[in-house]
Amino acid sequence: MKEKVGKDGDTVKLLRECDAGIKMGISSIEDVVCDVKNRNFREMLNECKRRHEALSIEVGALLDEHQDTGKNPNPMAKSMSYIKTNVKMMAKPTDETIADLMTDGCNMGVKSLGRYLNQYKNADSKSRDIAQNLISLEDRLSNDLREYL
């Protein structure tokens, strides 16, 4: 498939990165939520997952409009995240550990998406808004997690 250039190219590239980030966020939450002991913390993670899933539907529809299948998270990054989570949870299986892991993931997501927003300046306003919404969601979760650190 020929790579699109210009506005449509940047739009699709930004949507792909949002898609990968959303999938990574959902997967990360699923990896730890069953180990969370505090009910409010668990509900916070489940609500964040629902919001990620809603964004995923929105991103999927826009990718469909551009006849693109999206992007999965980098397999190496996903594997490293999974290993880090399991090692830390074996050593100290607490809500504090989960909050720490999730905070790191949120911060990485915010940083990456910020970089992609700068890189794909010509993306359309819908895709830029989605990226901003995802950044806000990750940033809000990172702040809310401080209570459990």
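Since the structure is predicted, the reported quantities are computational estimates derived from the model, not experimental observations.
Looking at residues two or more places apart in sequence or on another chain, you find a salt bridge (charged side-chain N to carboxylate O under 4.0 Å, His left out) between K92 and E96. With sequence neighbours left out, the side chain to side chain contact (heavy atoms under 4.5 Å, CB included) criterion links A99 to F41, L145, Y148, L149. In this structure, D64 has no salt bridge (charged side-chain N to carboxylate O under 4.0 Å, His left out) partners at least two apart in sequence or on a different chain. Partners of N143 by side chain to side chain contact (heavy atoms under 4.5 Å, CB included), not counting sequence neighbours, listed by chain and number: D139, R146. Remark: T97 pairs with T94 by the side chain to side chain donor-acceptor pair (under 3.5 Å) rule, at least two apart or across chains. With sequence neighbours excluded, the residues forming a side chain to side chain contact (heavy atoms under 4.5 Å, CB included) with R140 are R51, S136, L137, D144, listed by chain and number. With sequence neighbours excluded, the residues satisfying side chain to side chain donor-acceptor pair (under 3.5 Å) with D100 are K88. Partners of R42 under the side chain to side chain contact (heavy atoms under 4.5 Å, CB included) rule, at least two apart in sequence or in another chain, are V33, V36, R39, N46. For the side chain to side chain donor-acceptor pair (under 3.5 Å) test, residues two or more places apart in sequence or in another chain that qualify with S142 are N107. For E30, the side chain to side chain donor-acceptor pair (under 3.5 Å) partners at least two apart in sequence or on another chain are K49.
Under the 4.5 Å side-chain heavy-atom criterion for ILVMFWY residues, a single connected hydrophobic cluster contains both V110 and L117. Residues L55 and M44 are members of separate hydrophobic clusters, defined by side-chain heavy-atom contacts under 4.5 angstrom among Ile, Leu, Val, Met, Phe, Trp and Tyr.
Under the 3.5 Å distance criterion, with hydrogens and angles disregarded, a donor-acceptor pair is assigned to the side chains of E138 and H52.
Rounding to the nearest 0.5 Å gives a distance of 11.0 Å between OH of Y116 and NZ of K111. Annotation: the span from R16 atom CZ to T11 atom OG1 amounts to 11.0 Å, rounded to 0.5 Å. Distance check, rounded to the nearest 0.5 Å: CD1 of I57 to CG of L62 gives 12.5 Å. Atom NZ of K13 is separated from atom CG of D8 by 11.5 Å, given to the nearest 0.5 angstrom. From Q119, atom CD reaches atom OG of S112 across 10.5 Å, with rounding to the nearest 0.5 Å. L45 CG to L141 CG: the interatomic distance, rounded to the nearest 0.5 Å, is 6.0 Å.
For the pair I29/M102, a side-chain contact is recorded, criterion being any heavy-atom separation below 4.5 Å from C-beta on. You'll find the side chain of D35 reaches within 4.5 Å of the side chain of I98, heavy atoms only.
Applying side chain to side chain contact (heavy atoms under 4.5 Å, CB included) to V12 and the options H66, E65, E17 leaves one that passes, H66.
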Extract all donor-acceptor atom pairs below 3.5 Å that involve side chains of residues 77-84 and protein atoms in other chains or at least two apart in sequence.
unit_1	atom_1	unit_2	atom_2	d
S79	OG	P75	O	2.9
K84	NZ	D104	OD2	3.1

Return all side-chain donor-acceptor pairs below 3.5 angstrom for residues 18-27, not counting sequence neighbours, or 'none' if the list is empty.
unit_1	atom_1	unit_2	atom_2	d
D19	OD2	K23	NZ	3.1
D19	OD2	K71	N	2.9
K23	NZ	K71	O	3.4
K23	NZ	N72	OD1	3.0

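Taking 4.0 Å as the cut-off between side-chain N and carboxylate O, K121 and D10 do not count as a salt-bridged pair. Salt-bridge annotation for E53 and R50: absent, with no side-chain N of the basic residue lying under 4.0 Å from a carboxylate O of the acidic one.
Few gaps surround CE on M89; more than 12 heavy atoms of other groups in view lie less than 6.0 Å from it.
Judged by distance alone, the side chain of D68 and the main-chain N or O of L63 form no donor-acceptor pair under 3.5 Å.
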